[in-house]
Amino acid sequence: AQSVTQLDSHVSVSEGTPVLLRCNYSSSYSPSLFWYVQHPNKGLQLLLKYTSAATLVKGINGFEAEFKKSETSFHLTKPSAHMSDAAEYFCVVSWGTSYGKLTFGQGTILTVHP
Amino acid sequence: NAGVTQTPKFQVLKTGQSMTLQCAQDMNHEYMSWYRQDPGMGLRLIHYSVGAGITDQGEVPNGYNVSRSTTEDFPLRLLSAAPSQTSVYFCASSTGTGRGYTFGSGTRLTVV
């Protein structure tokens with residue numbers, strides 16, 4: 001079965017330092033890759049998506065992700081963390097033949113310290 | 001505002017009761033789906049639909065029914081609630097594979 005693995009369940013950073021949230025997916029053709037963010041007791045908001053165009057994808061709020069096919073990875077980064085970035089982040093994959101069904105990673109909780 | 005609307009936001013059920021979670025979208029999206037969110041497990045797909053009259057099972061369909069009589073609505077029915085169905089439920093819609101989904105704000109369900 002196709003799967004998505006977020007390598008860290010919790011990441012803690014200081015405000016102003018870089019953020020790295022790691023994601024790997026099982027190999028298959030034509031993946032569409034997404035990162036969603038969920039603030040406490042809120043719904044999910046799309047941060048960015050990769051759909052076979054440029055491998056470096058820019059999203060909202062200064063986040064970026066790079067699609068690396070050889071490593072089957074789609075890590076999320078931000079150069080400088082802000083307190084408002086504290087949330088849970090989900091790496092999500094949709095495969096070409098899956099009719100839009102999404103497979104979620106387990107989530108990474110990002111804590112930002114002052 | 002355009003988007004995905006879920007009702008109710010909160011619900012408490014007794015074991016064995018039935019209920020319907022409502023989901024409506026006004027973006028004319030073909031694809032709609034239901035997910036449940038449990039701590040440490042991300043979101044798991046319950047049922048999905050690729051258009052009016054077409055539905056299929058996801059990863060965790062047992063105990064749930066769906067139908068899609070219109071493009072706009074995709075209700076989720078719990079047939080006989082069990083404590084294991086205590087969860088947060090999200091409805092989502094999309095124009096198609098690779099486009100990303102728009103999520104509703106969720107329904108927090110507790111079964112006692």
Side-chain angles (χ1 to χ4, degrees), chain A residues 1-10 21 23-25 28-54 57 59-60 65 67 74 87-109, chain B residues 1-7 9-10 21 23 25 27 29-51 54-61 66 68 74 87-109:
Chain A
Q2 293 153 333
S3 63
V4 181
T5 302
Q6 291 182 240
L7 299 171
D8 305 291
S9 58
H10 291 82
L21 306 183
C23 173
N24 286 98
Y25 62 94
S28 182
Y29 62 92
S30 302
S32 295
L33 299 154
F34 311 88
W35 277 96
Y36 281 84
V37 61
Q38 184 180 34
H39 288 91
N41 299 312
K42 300 291 186 183
L44 288 94
Q45 180 184 19
L46 181 65
L47 274 180
L48 50 80
K49 62 182 179 182
Y50 166 80
T51 55
S52 75
V57 182
I60 62 173
F67 172 66
F74 191 57
E88 188 164 18
Y89 293 78
F90 293 97
C91 180
V92 183
V93 183
S94 174
W95 277 273
T97 59
S98 65
Y99 300 103
K101 292 183 291 182
L102 300 178
T103 299
F104 281 74
Q106 299 89 336
T108 298
I109 295 173
Chain B
N1 291 336
V4 178
T5 302
Q6 289 185 238
T7 55
K9 293 190 182 302
F10 301 93
L21 308 185
C23 176
Q25 52 92 9
M27 299 172 284
H29 284 175
E30 288 293 323
Y31 290 8
M32 295 186 75
S33 53
W34 277 101
Y35 294 83
R36 59 177 289 173
Q37 182 178 24
D38 302 293
M41 302 186 74
L43 278 73
R44 293 178 292 168
L45 180 64
I46 304 171
H47 286 285
Y48 68 101
S49 169
V50 299
I54 306 170
T55 64
D56 204 348
Q57 296 181 350
E59 181 184 355
V60 288
V66 292
R68 183 100 180 267
F74 191 44
S87 187
V88 182
Y89 292 84
F90 288 97
C91 178
S93 74
S94 173
T95 55
T97 298
R99 302 295 180 96
Y101 271 74
T102 300
F103 283 83
S105 57
T107 295
R108 186 174 296 273
L109 176 68

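Just so we're on the same page: letters track the sequence lines, and every chain starts at 1. Quantities reported herein were computed from a predicted structural model and do not represent experimental measurements.
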Is [X] in contact with chain A via its backbone, its side chain, both, or neither, using a 4.5 Å heavy-atom distance?
{"X": "B:Leu45", "answer": "side chain"}
{"X": "B:Arg108", "answer": "side chain"}
{"X": "B:Glu30", "answer": "neither"}

Next item on the list: Could you walk me through whether A:Phe104 and B:Glu59 pass the side chain to side chain contact (heavy atoms under 4.5 Å, CB included) test, one step at a time?
Entry: CA-CA 11 Å; A:Phe104 281 74; B:Glu59 181 184 355; over 6 Å; no
Margin query: Taking the ring of B:Tyr101 and the ring of A:Tyr36, is the distance between their centroids below 6.0 Å?
Written below: no
Next item on the list: Check each atom of A:Gln38 against the heavy atoms of chain B and say whether the ones under 4.5 Å are side chain, backbone, both or neither.
Entry: side chain
Margin query: Test side chain to side chain contact (heavy atoms under 4.5 Å, CB included) on A:Leu44 and B:Leu43; report intermediate values, then the result.
Written below: CA-CA 11 Å; A:Leu44 288 94; B:Leu43 278 73; 4.0 Å; yes
Next item on the list: Heavy atoms only, distances under 4.5 angstrom: which of B:Gln37, B:Gln6, B:Met41 has the most pairs with chain A? Name it, please.
Entry: B:Gln37
Notebook entry, point to check: Which atom names give the shortest non-hydrogen contact between B:Phe90 and A:Lys42, and what distance separates them?
Noted result: CZ-O, 4.0 Å
